[in-house]
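One structure, as structure tokens, below. Some questions next.
Computed over heavy atoms, backbone and side chain alike; hydrogens, waters and symmetry mates excluded.
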Amino acid sequence: MFDGIKSGLARRKLLKARGVEPRCVRACGLESANKVGILHDATDEAQFEIARKLLFILQKHISFVKALGFVDSKELSDFHLQPLDFSFFCKNDLDWLGFPKEESIAEFCDTDFDILICLDLEDKIPINYVKIKSKAGFKVGFYSETNSDLLDVMISLDEENSSIEELVKQILHYLENIRYE
């Protein structure tokens, strides 16, 4: 019973966080981007490595790339402690409803990214909250019903190809093909 009440309150808080004013979407491709943010689930080391490779790829062409990862445990692992361009938040940084405390995500959310790349295949409240709070002009990620209100471009993957690697490949493909004359 308590979990049902808690999830209902969490849904209400997400709806309230979206606000009533529509955001101004600024479509942007990789060719014209100056600032890119990567939001990802960093619980698993393999998924973290995929986000890390993406960051290195983007840094070759874009001057400002930052990543924020959610670690679905109470503490960070050893592999979370080394990277400079990555920030992390974990369960200890969440309130009782499962939302990140503002101080743990404020710097990332307040950055005016040209593109926010969201590398999550599951709906997790902490990650969805960052998607809502981010001031990014263009938000790209995985297709889901929840993401339809959170992202500007959603990538649908076949069930047999539903992986973070495939999502990164498809996102890069589409972002490389967005051009303005």
Side-chain angles (χ1 to χ4, degrees), residues 11 14-44 46-70 85-87 89 99-100 105-181:
R11 271 188 256 115
L14 270 178
L15 288 172
K16 188 177 179 182
R18 287 186 190 146
V20 290
E21 288 187 36
R23 358 183 326 267
C24 178
V25 176
R26 301 180 313 260
C28 183
L30 288 178
E31 187 176 275
S32 58
N34 294 316
K35 291 183 180 180
V36 175
I38 301 170
L39 176 63
H40 62 104
D41 185 338
T43 307
D44 180 63
Q47 287 188 349
F48 166 72
E49 285 301 325
I50 293 166
R52 187 174 161 142
K53 286 177 188 174
L54 175 60
L55 182 126
F56 290 142
I57 290 168
L58 294 174
Q59 283 181 328
K60 292 178 183 175
H61 310 286
I62 298 166
S63 59
F64 186 87
V65 183
K66 287 284 183 186
L68 176 66
F70 171 62
D85 295 318
F86 283 83
S87 298
F89 65 105
F99 289 89
I105 61 167
E107 182 182 339
F108 187 84
C109 290
D110 289 340
T111 303
D112 191 21
F113 293 114
D114 296 310
I115 303 170
L116 176 65
I117 298 173
C118 304
L119 300 180
D120 59 316
L121 298 177
E122 300 174 23
D123 288 330
K124 291 188 176 181
I125 288 174
I127 293 176
N128 287 343
Y129 189 72
V130 175
K131 289 176 197 174
I132 290 170
K133 289 297 201 177
S134 173
K135 293 181 179 166
F138 196 52
K139 301 176 185 181
V140 181
F142 181 68
Y143 171 82
S144 74
E145 285 187 34
T146 304
N147 282 338
S148 65
D149 291 334
L150 307 176
L151 300 175
D152 305 313
V153 171
M154 295 184 294
I155 307 295
S156 180
L157 300 175
D158 297 335
E159 228 172 272
E160 63 270 1
N161 289 331
S162 187
S163 68
I164 295 294
E165 294 97 340
E166 185 63 23
L167 180 62
V168 167
K169 180 180 167 187
Q170 293 298 321
I171 286 174
L172 288 175
H173 170 75
Y174 285 104
L175 289 177
E176 286 169 352
N177 287 299
I178 295 175
R179 289 182 173 70
Y180 291 101
E181 303 283 324

- Item | Least distance between heavy atoms, Met154 atom then Ser144 atom |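 Between these two residues, the closest heavy atoms are SD-O, 3.7 Å.
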
- Query: What pairs with Glu107 under side chain to side chain donor-acceptor pair (under 3.5 Å), at least two apart in sequence or on another chain?
  - Reply: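 In terms of side chain to side chain donor-acceptor pair (under 3.5 Å), with neighbours along the sequence ignored, Glu107 is linked to no residue.
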
- Task: Measure from the side-chain N and O atoms of Asp114 to the backbone N and O of Val36, and report whether any donor-acceptor pair falls under 3.5 Å.
- Result: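 Looks like no, no N/O pair under 3.5 Å.
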
- Note, Leu39 side chain near Ser134 side chain (heavy atom, < 4.5 Å):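 They are not in side-chain contact.
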
- Message: Contact between Phe89 and Val130 at the side-chain level, heavy atoms closer than 4.5 Å - yes or no?
- Response: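 Yes - at least one pair of side-chain heavy atoms lies under 4.5 Å apart.
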
- ring-ring contact (aromatic ring centres under 6.0 Å, His included) partners of Phe138, counting only residues at least two apart: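 Applying ring-ring contact (aromatic ring centres under 6.0 Å, His included) to Phe138 gives none.
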
- Message: My understanding is that only one of Lys135, Lys66, Arg26, Lys35 makes a salt bridge (charged side-chain N to carboxylate O under 4.0 Å, His left out) with Asp112; could you say which?
- Response: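 So the option named by the test is Arg26.
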
- Message: Does anything in residues 122-131 form a salt bridge (charged side-chain N to carboxylate O under 4.0 Å, His left out)? List the pairs, not counting sequence neighbours.
- Response: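 Checked against salt bridge (charged side-chain N to carboxylate O under 4.0 Å, His left out) - neighbours excluded - the pairs reaching residues 122-131 are Asp41-Lys124, Asp72-Lys124, Asp120-Lys131.
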
- Message: Looking at every non-hydrogen atom in both residues, tell me the closest pair between Ile38 and Ala51 and how far apart they are.
- Response: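 So the minimum-distance heavy-atom pair works out to CD1-O, 4.2 Å.
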
- Message: Take a 6.0 Å sphere around CD of Glu145 and say whether it holds more than 12 heavy atoms from other residues, nucleotides or ligands.
- Response: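 No.
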
- Take the angle between the ring planes of Phe48 and His40 and call it parallel below 30°, perpendicular above 60°, tilted in between.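 Aromatic pair Phe48/His40 classed tilted.
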
- Closest non-hydrogen atom pair between Leu116 and Ala136, with its separation: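 For Leu116 versus Ala136, the nearest heavy atoms are CB-CB, 3.6 Å.
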
- Item | Residues in salt bridge (Lys or Arg N to Asp or Glu O under 4.0 Å) contact with Asp158, at least two apart in sequence or another chain |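 In terms of salt bridge (Lys or Arg N to Asp or Glu O under 4.0 Å), with neighbours along the sequence ignored, Asp158 is linked to no residue.
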
- Would you indicate whether the side-chain heavy atoms of Leu54 and Leu172 approach each other to under 4.5 Å?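 Leu172 vs Leu54: side chains touch.
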
When the side chains of residues 162-171 are checked against the rest of the protein, which donor-acceptor pairs come out under 3.5 Å, sequence neighbours left out?
residue: Ser163; atom: OG; partner: Glu165; partner atom: OE1; Å: 3.3
residue: Ser163; atom: OG; partner: Glu166; partner atom: N; Å: 3.2
residue: Glu166; atom: OE2; partner: Gln170; partner atom: NE2; Å: 2.9

- Message: List the residues meeting side chain to side chain donor-acceptor pair (under 3.5 Å) with Lys53, not counting sequence neighbours, and say none if there are none.
- Response: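 So Lys53 forms no side chain to side chain donor-acceptor pair (under 3.5 Å) with any residue.
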
- Message: Tell me the closest heavy-atom pair linking Phe108 and Ala67, and the distance in Å.
- Response: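 Answer, listing the atom of Phe108 first, then Ala67: CE1-C, 4.0 Å.
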
